[in-house]
Amino acid sequence: MSIVAPLVRLLPLPFIGRLARAFMEIVLATLVISTSVVVGHGLTAWRAWYWDPSTIRHWGATPTPDALTRSCPGADGDQLAFARPIGPQCVWLSARPDGTHLVIGSGGVDRTDLGVIAAQRATADVRVYSPSTWTEPVVVATGGVTSATSLVVFTWQQRGVLELLRVGGERIAVADDTGGWPRLSVMTEGGMRMYRWTGATFARSP
């Protein structure tokens, strides 16, 4: 004991402080490394989901499924915009003398013409959404008609086409809303109008 006491008195206090600081740094470094490993695994899973060809992104247009294009033979001049995953129904952009028509059907059989969606030389845009509360795809088609812009939202119900909304304006914007539904903004002479899904229909929101 007579030797230990002088040795303890010789230990400098700054050395003990540095030792405690080093211990805390080791603990913090361990936490950072462990968190990085966990986050890295999460990012790997996210990247695999994001780049998976079968991943449906509600914020953009759904690519046309290659396996279904053969079951939707179109007429000359028609452009296949979307092939419905279940059933042969497909969405076509059909060039007609009065403009580009939005047509739903399977080839030349049982076609439903939703009318002019764009002028002859204007480019129509088709986006497909998969809302969590809806069993069928929801299609949003926009295009310019003369100096204005038109918008049609439709889906399928019991093998038939169900039109949910048809509006026109000077400028239209399509964004993502809750539950995978689209949120639509339409600029008209009276100002900006916004349409959101209420659970039963698209209605103007204040």
Q.
I'd like to check the side chain to side chain donor-acceptor pair (under 3.5 Å) partners of R196; sequence neighbours left out, ordered by chain and number.
A. D177
Q. Rounded to the nearest 0.5 Å, how far does CZ of R183 lie from OH of Y129?
A. 9.5 Å
**Q.** Hydrophobic cluster membership, L162 vs L151, 4.5 Å side-chain cutoff
**A.** yes
**Q.** From CA spacing to verdict: side chain to side chain contact (heavy atoms under 4.5 Å, CB included), V167, F202
**A.** CA-CA 11 Å; V167 293; F202 277 97; over 6 Å; no
Q. Which pair of non-hydrogen atoms, one from R127 and one from V174, has the smallest distance, and what is that distance?
A. NH1-O, 3.4 Å
Q.
Does any part of the side chain of I104, heavy atoms only, come nearer than 4.5 Å to the side chain of W156, both counted from C-beta?
A. yes
Q. Shortest non-hydrogen contact from A118 to G143?
A. CB-CA, 4.0 Å
(Q) Under the rule for salt bridge (charged side-chain N to carboxylate O under 4.0 Å, His left out), what residues qualify as partners of R193, not counting sequence neighbours? (A) none
(Q) Check whether T155 reaches the backbone of P137 with its side chain - one donor and one acceptor, N or O, closer than 3.5 Å. (A) yes
Q.
To the nearest 0.5 Å, what is the distance between CD on E170 and OG1 on T188?
A. 7.5 Å
(Q) Can you tell me how far apart CG (L184) and OG1 (T142) are? Round to the nearest 0.5 Å. (A) 9.5 Å
Q: Under the side chain to side chain donor-acceptor pair (under 3.5 Å) rule, collect the residues that match up with T133, sequence neighbours excluded.
A: W181
Q) Taking all atoms of both residues into account, what is the closest heavy-atom pair of G99 and V116, and its distance? A) CA-CG1, 4.4 Å
Q | Smallest separation among heavy atoms of A203 and T198, with atom names | A | CB-CG2, 3.7 Å
**Q.** Atom of F154, atom of V161 and distance for their closest heavy-atom approach
**A.** CD1-CG1, 3.9 Å
Q: State, with a plain yes or no, whether a side-chain heavy atom of R166 is found less than 4.5 Å away from one of L114.
A: yes
Q | Which atom of L80 lies closest to which atom of C90, heavy atoms considered | A | CD1-CB, 3.6 Å
Q) Is there a side-chain contact between L102 and L93 (heavy atoms, below 4.5 Å)? A) yes
Q: Check for a donor-acceptor pair, side chain of R204 on one end and backbone N or O of M194 on the other, with a separation under 3.5 Å.
A: no
Q: Tell me whether the centres of the aromatic rings in Y195 and W197 are closer together than 6.0 Å.
A: no
Q) Got more than 12 heavy atoms from elsewhere within 6.0 Å of CZ, R171? A) no
Q | Option passing side-chain hydrogen bond (donor to acceptor under 3.5 Å, both in side chains) with S94 (candidates D113, D78, T100) | A | D78
Q: For residues V126 and Q79, determine if any side-chain heavy atom of one lies less than 4.5 Å from a side-chain heavy atom of the other.
A: no
